[in-house]
Amino acid sequence: MGDKDKSSSDAVKVAVRVRPFSKRELETHNDQVIQIDGPSVIISNPACIGKDWEEKKVFTYDYVYDSFCSPASLNYSSQEQVYADLGAQALENAWAGYNVSLFAYGQTGSGKTYSMMGYGNDKGLIPRLCEALFSRVKMSADSSI
């Protein structure tokens with residue numbers, strides 16, 4: 001889950017979101033090889049699952065979002081959580097006059113578009129950020145903006 005105590009002075013923040021299995025992955029009964037432990041993602045070698053030994057790699061990030069579990073789970077990371085951790089701070093920095101960039105990187109089908117744009121009423125980072133920015137501009141008493 002995201003950590004709300006992250007310093008706003010960090011120049012770069014790195015976040016990872018674990019998406020649910022795709023329809024194809026469910027149909028082929030793939031093993032879940034990703035585990036989340038706080039700010040760390042643990043990846044197990046699928047060839048070693050169920051054996052006496054397991055080969056694992058651990059990667060640590062500023063934020064780790066679990067969207068693999070059920071939305072009813074307390075561990076589930078919603079679009080709101082992602083925006084609260086990443087988008088709100090980006091807006092504050094942009095409003096303060098700093099350049100801000102948000103980008104998503106990953107393989108095809110990994111959930112980049114969903115995280116950035118959302119789907120239907122479940123808005124992603126970009127629509128939420130734009131709505132908040134234009135709302136703030138509208139409420140601003142400074143007509144030079």
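Numbering of residues begins at 1 and proceeds along the displayed sequence. Quick caveat, the model's predicted, so the values are computed rather than measured.
Closest heavy-atom contact between Val12 and Asp62: O-OD2, 3.9 Å. Taking each heavy atom of Ser67 and Pro20 in turn, the nearest pair found is O-CD, 3.2 Å. Smallest separation of non-hydrogen atoms from Val58 and Ser40: CG1-CB, 4.0 Å. Among all heavy-atom pairs drawn from Val64 and Gly38, the shortest one is CB-O, 3.6 Å.
Listed for the Ser73 side chain is no donor-acceptor partner under 3.5 Å among the backbone atoms of Cys69. In this structure a side-chain-to-backbone donor-acceptor pair under 3.5 Å is missing from Ser44 to Pro46. A donor-acceptor contact shorter than 3.5 Å is absent between the side chain of Gln81 and the backbone of Ser78.
Contacts of Lys112 classified as salt bridge (Lys or Arg N to Asp or Glu O under 4.0 Å), with partners at least two apart in sequence or in another chain: none. Residues satisfying the salt bridge (Lys or Arg N to Asp or Glu O under 4.0 Å) test with Glu55, not counting sequence neighbours, are none. Partners of Phe59 under the side chain to side chain contact (heavy atoms under 4.5 Å, CB included) rule, at least two apart in sequence or in another chain, are Ile43, Lys57, Tyr61. Residues passing the salt bridge (Lys or Arg N to Asp or Glu O under 4.0 Å) test with Arg17, sequence neighbours excluded: none. Qualifying side chain to side chain donor-acceptor pair (under 3.5 Å) partners for Gln35, counting only residues two or more places apart in sequence or in other chains: none. Applying the side chain to side chain contact (heavy atoms under 4.5 Å, CB included) test to Tyr98 and every residue at least two apart in sequence or in another chain returns Asn93, Ala96. Taking the side chain to side chain donor-acceptor pair (under 3.5 Å) definition, one finds that Thr113 meets it with nothing, sequence neighbours left out. With sequence neighbours excluded, no residue forms a ring-ring contact (aromatic ring centres under 6.0 Å, His included) with Tyr114. In this structure, the side chain to side chain donor-acceptor pair (under 3.5 Å) partners of Thr28, at least two apart in sequence or on a different chain, are Asn30. Residues satisfying the side chain to side chain donor-acceptor pair (under 3.5 Å) test with Ser110, not counting sequence neighbours, are none.
Side-chain contact between Leu133 and Trp95: present, with at least one pair of heavy atoms (C-beta onward) separated by less than 4.5 Å. Contact check for Met117 versus Lys123: no side-chain heavy atoms found under the 4.5 Å cut-off. With a 4.5 Å cut-off on side-chain heavy atoms, Ile36 and Val18 count as touching. Considering only heavy atoms from C-beta on, Ser135 stays 4.5 Å or farther from Lys138 through its side chain. Asp37 has its side chain within reach of Ile42: a pair of non-hydrogen atoms, C-beta onward, lies under 4.5 Å apart. Side-chain contact between Leu102 and Leu129 is present, with heavy atoms from C-beta onward closer than 4.5 Å. Contact check for Tyr76 versus Asp66: no side-chain heavy atoms found under the 4.5 Å cut-off. Using a 4.5 Å heavy-atom cutoff, the side chains of Tyr65 and Asn75 are not in contact.
Between Leu125 atom CG and Met116 atom CE the span is 6.0 Å, to the nearest 0.5 Å. Atoms OG and CZ, on Ser77 and Arg19 in that order, are 15.5 Å from each other to the nearest 0.5 Å. Interatomic distance, CG of Leu91 versus CD of Glu131, reported as 12.0 Å (0.5 Å rounding).
A donor-acceptor pair shorter than 3.5 Å cannot be found between the side chains of Gln89 and Asp85.
Residue pairs meeting the salt bridge (Lys or Arg N to Asp or Glu O under 4.0 Å) criterion with at least one member in residues 92-111, sequence neighbours excluded, are Glu92-Arg136. The list of ring-ring contact (aromatic ring centres under 6.0 Å, His included) pairs with a residue in residues 13-39, not counting sequence neighbours, reads Phe21-Phe68.
Val100 and Val14 fall into different hydrophobic clusters, defined by Ile, Leu, Val, Met, Phe, Trp and Tyr side-chain heavy atoms under 4.5 Å apart, directly or through other members.
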